[in-house]
Number of protein chains: 2
Amino acid sequence: MSEEVTAEACPLVEVLDHVAGKWSISILVAAARGPVRFTELERSIEGISRRMLTLNLRKLERDGLLTRTVHPTVPPKVEYDLTAMARELYSSLTGLMEWAERHRGAITRARAAYDATASAEPSGQPSPQPVH
Amino acid sequence: MSEEVTAEACPLVEVLDHVAGKWSISILVAAARGPVRFTELERSIEGISRRMLTLNLRKLERDGLLTRTVHPTVPPKVEYDLTAMARELYSSLTGLMEWAERHRGAITRARAAYDATASAEPSGQPSPQPVH
DNA sequence: CGGTATCCATAAGGATACTG
DNA sequence: CAGTATCCTTATGGATACCG
């Protein structure tokens, strides 16, 4: 019975592996507006480095979530777009977004409460600095 | 217009941050069967180290996704369970699981195709060893 | 323009001995 | 039983120079 737990979680773990990492989702969202060029992505995803953008684009392309079209012009023009599969994924993610929005406040409060009791227990007074 | 992309992805990135990492989902799945003890979790999640289990349990508890109940007996007995919020999350994840199952084959094929062309391009013959 | 290559810092994760 | 502490290895990510 025990191993079934792992088995049950497996497809989920799989999908999250494709989509995990700091940037994949942002890239998917950014690329969802139709064909987008490399530099557009670089600009629209705040804080991403060129290296990470490239790495994640390749990963998503490899998983069949993104198409990469090279126009052999000079200067080169490369366009990325979501595949049908990725668009489906994107709409599944909507449920998650709704969950996040519904519970965002609750999570923040839960953390505050947790940090408060955690830092209050060891000493007499609760230490003012948040754990992290 | 560009910054809106980040804003749009943000709640999603947030939720995935809570749930990201190699183990969180497996823990959530394992803990979903009602109150579960530490050692049960350790056994049912194959490959997890004690350290990682503890770290992830604390993180999930802090986010308000898991309750931790200590029975002050000897030997100690600690039980973990999902909160209502986490159960909701869990059902939202169902959509993702379905997506993963529908497209699992397609993803595998996409990868194989990608790896094939990628290793075929540089040399004349496609190298037999898969990239990774 | 659209990347690669390189170097470096930090974080995540594993193994496992020890403890109340 | 349910952890914590410690040590170590690997993976992730950032900055940026360089190239076709």
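Heavy-atom basis, side chains included; hydrogens, waters and symmetry copies ignored. So that the names make sense, note that chain A is the first sequence line, chain B the second, and so on, each numbered from 1.
Side-chain contact check for B:I27 versus B:Y80: every heavy-atom pair is 4.5 Å or farther apart.
Atom-to-atom, CG of B:L53 to C1' of C:dG14 comes out at 13 Å; the value is rounded to the nearest Å. Atom-to-atom, CD1 of A:I48 to C1' of C:dG2 comes out at 14 Å; the value is rounded to the nearest Å. Rounded to a whole Å, the CZ atom of A:R43 is 11 Å from the C1' atom of C:dC1. Atom CD1 of B:I27 and atom P of D:dA2 are 15 Å apart (whole Å). Rounded to whole Å, the distance from CE on A:M52 to C1' on D:dA11 is 10 Å. Put simply, NZ on A:K59 is 11 Å from C1' on D:dT12, counting in whole angstrom units. Note: CD (A:E42) to P (D:dA15) measures 12 Å, nearest angstrom. Rounded to a whole Å, the NZ atom of B:K77 is 9 Å from the P atom of D:dA2.
Here the side chain of A:R50 is nearest to one of D:dG20, C:dT4, D:dG13, namely C:dT4. Taking the side chain of B:W23 as heavy atoms from C-beta on, and the options C:dG14, C:dC1, D:dG13, the nearest nucleotide is C:dG14. For B:R37, the side-chain atoms get nearest to D:dA2 when compared with the rest of D:dA2, C:dC1, D:dG3. For A:K22, whose side chain is taken as the heavy atoms from C-beta onward, the closest listed nucleotide among C:dG13, C:dG3, D:dG13 is D:dG13.
What you find for B:H18 and B:L60 is that their closest heavy atoms are O-CD2, 3.8 Å.
Contacts of A:T54 with the nucleic acid, taken as non-hydrogen atoms under 4.0 Å apart, include base atoms.
Ranked by how close their nearest DNA chain D nucleotide is to the 5' end, A:P76 and A:S49 are led by A:S49.
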Verdict with reasoning, B:R102 to A:E88, per salt bridge (charged side-chain N to carboxylate O under 4.0 Å, His left out): CA-CA 10 Å; B:R102 270 205 308 281; A:E88 264 188 68; 2.7 Å; yes
Residue pair A:S24, A:N56: steps toward the side-chain hydrogen bond (donor to acceptor under 3.5 Å, both in side chains) verdict: CA-CA 6 Å; A:S24 300; A:N56 279 282; 3.2 Å; yes
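At least one side-chain nitrogen or oxygen of A:T39 sits closer than 4.0 Å to the OP1 or OP2 atom of C:dG2. Contact between the side-chain N/O atoms of A:Y80 and the OP1/OP2 oxygens of C:dG3 is found at a separation under 4.0 Å. The phosphate of C:dG2 has neither OP1 nor OP2 within less than 4.0 Å of any side-chain N or O from A:R68.
Side-chain atoms of A:W99 come within 3.5 Å of backbone N or O of B:M85 as a donor-acceptor pair.
Contact of A:R51 with C:dG3 (side chain to base): no donor-acceptor pair of N or O atoms is detected under 3.5 Å.
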